[in-house]
Amino acid sequence: MIGLVHYLVFAGILFCLGLFAVLTRRNAVTVLMGIELMLNAGNVNLVAFNRFVGSGVNGQIFALFIIVLAAAEAAVALAILLNIYRTYKHITVDEIHLLRG
Amino acid sequence: MLTAALICLLVPLAAFVVQLFLGTRLPRGGDFVSVGAIGASLLAACWIFWQVMAGGEPGYQWSMVFRWVEVEGFTIPMGLAIDTLTAWMLLVVVGVSFLVHVFSIGYMHGEDRYHLYFGYLSLFSFSMLWLVLSDNLLGIFVGWELVGVSSYLLIGFFFPKRSAALACKKAFLTNRVGDLGMWLGIMLVWKELGVLRLEQVYHHVGAGAFSSEATLTIAGVLLFVGAVGKSAQLPLHVWLPDAMEGPTPVSALIHAATMVAAGVYLVGRLFPILTPDALLVIAYVGALTAFFAATIAIVQDDIKRVLAYSTVSQLGYMMVGLGVGSYFGGLFHLTTHAAFKACLFLGSGSVIHAVHTQNIWEMGGLRKKMPITFATWVISTAAISGFPVLTNGFFSKERILGDAMGFGLHLPQHFLIFALPMVAAVITVFYMTRVTIVTFFGEPRDREKYEHAHEGGFEITAPLMVLSAITLLGFAYAGPFERMVTPPSSTDYAAEQFAAFHYGESLRTGALDESHGAHAAEAGRGEAAHEEPAHAETGAEHHEAPWGPHRVDAHSLHTGHRAVLYLSLLALILGVALATLIYHRKRSQEALARRFSGTWRVLYNKYFVDEAYQAGVVNPLLWLNRLSAAFDRVVIDGAVNGSATLTRALSSGSGWSDLRIIDGIVNGIASVTQVFGAAFRRVETGRIQHYFAFFLAGTLVLMLIRVY
């Protein structure tokens, strides 16, 4: 029987994978993809908690909002990346440290 | 009348302004502007004179008052007024001024600053007219000072010459001493009466508004001190001979005819308010001046200086006249003297212009070369000597001496007031004859200068001829003058007092009534008479007993005048004879000087008055100056330098603390910040993933804190 813990463990693994991708990948697009993974891990948590703990559909609606937000964020982030690419001719995040102190 | 008076007054001022700003640009230095202006003034003055004489009554004919200063509750009115005396004075001042302007065209030709000279002449004419036209003491004082300034400018006109610069300074400072006295007198009048308009002053004094007769005497004497300065009377006469450094026409205008007469004019104006004591002071000063100045004039070698001392002496006569109560004598002598002395000065100017020296011993025999100058000179000399009937000097001088003799006979303790001028009359004839002989007769002493000499142009000779004509016409205007110019009187009381007091008047009317005679005799017993309480107490008492002990009965007056006539004739003959004997017969002055070497030296050095002033006034002042300079240097400078040193010490202390302490703190903070900044900047790598890692670490730490 699949219970709440399974969902939470799954979401934790997903979040850690996303986090690993964000911290280690050098390609900015991959970093963005890591962020998407982390966001969706959060979504899984929201839906699972609603199913097992709360009542109604608040969690699901919250998840839908986050998906929409993630789409918007991705659009903005990709636009930024496009501009970075135009300037640097690459999107390797290691090399982009103009704001170094 | 208003228009005429304003034209008369303001046109010369306008000419001065024009000369000051445009003089250099006008053709001929703009001399026609000044001459034209004074000509317009002359026409206006003649018209005023005609109007006043047609009026036929003495006293104010016209007046105008405006408020000069108006502060809350305090007003100083200024005013112009014309009475008979003013009308005469206008004619004298403007007439002489006009002739001098004309003469100057020839005399000053080609001098530097020619336009300014004429500007200054215009300024002087304006000032003198202001003085004459003013109807109040303050206005007179303003004109008085303006006249002093223009005199200063004109004496110092040749200021590159050191002696001229010194002379104008001396004249100005000496006048200042007199002006101080006059100013104090004006303030005393203001304090006692609260008014300065002459009409009101006469009225108030007549009504007994002065707190005591002694105060009135003091006020009169103080005002007279001003006249002493301006009219070069005895203690303050020293500036006038030095003022001869100015151009000769200026000497004729200012230092013979008009400005120096201002003092006499002032005394004449104040005549109604002068007490017997004040008049006595005036008479003594005048008598001493007349005598001592005449003696000095005997030995001077400079033609202008002789005339200068002669002027001082003649001014003394005028003061004697006024002092003994001869209003007509004093003021008429002012008028006649203006004519013949201006003529003499212009004559000397003509001579100086011809031979280029002022030393009479370098002249001689000039009568052949300069006949017009010689003739006019002789006429004026006759006038100053009081040559009978033909000259105007006769009428004025005889009147003064006659009244003085009456005074002296009546009050024998004051006989000196008659004796000194009488002796001075002999001396006057003597020195004038001396100058005439040495300058115009005999053989030329300096052949080269003699050959060079020639009569000046028309503008030089015309004024001489006009002035000598006026001198000869004395008999024509002596009568009208005496009829018209009487002491101003604004109340019946004052009029009565004048009639009683002024015995020139009483001579004319022929007799004094019994009570007056008796009173005169009673009062005349001694000078102490008017110090008695009955005379000095209140205004009401004054009405009963007008102060006037100087009155004399008609008999002694008539005797006086006839005797004086004989005495004067004697003086004339004696003077001419002595001078001719000594100077015509080629007995040189040196021989005489050797015989009376002591007297000669005293006279030649003008009684050492200048030296006395140098030792008694100037040197102590210089010592005082040096003392205060030393005080300045040691004490004041010491204090200043000390405080400067102290400030410097304090400043260097606070500077040190600024540098070390304040700057230290500021720099310390800055370097601490720098160290920290250098340490922390390594955190800011600019790599997004590092920030992410920090963020994660921070979140983990927060979570750990939350858990435990």
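Source: prediction; values computed, not measured. Letters A, B, ... mirror the listed sequences (proteins, then strands); counts begin at 1.
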In Å, rounded to the nearest 0.5 Å, how long is the span from NE2 of H97(A) to CD of E684(B)? 14.0 Å
Would you compute the distance between atom CG of D94(A) and atom OG1 of T685(B) and round it to the nearest 0.5 angstrom? 9.5 Å
If you count the non-hydrogen atoms of other residues, nucleotides and ligands that lie under 6.0 Å from [atom1] in [X], is the total more than 12?
X: N641(B); atom1: CG; result: yes
X: I688(B); atom1: CD1; result: no
X: R176(B); atom1: CZ; result: yes
X: F141(B); atom1: CZ; result: yes
X: R25(A); atom1: CZ; result: no
X: M33(A); atom1: CE; result: no
X: L621(B); atom1: CG; result: yes
X: Y85(A); atom1: OH; result: no

Is there a side-chain contact between L19(A) and L696(B), using heavy atoms and a 4.5 Å cut-off? yes
Evaluate the side-chain proximity of V93(A) to Q689(B): yes if any heavy-atom separation is below 4.5 Å, no if none is. yes
Is chain B contacted by the side chain of L23(A), its backbone, both, or neither, given a heavy-atom distance below 4.5 Å? both
Give the interface residues of residues 59-77 of chain A toward chain B, defined by a heavy-atom separation under 4.5 Å. none
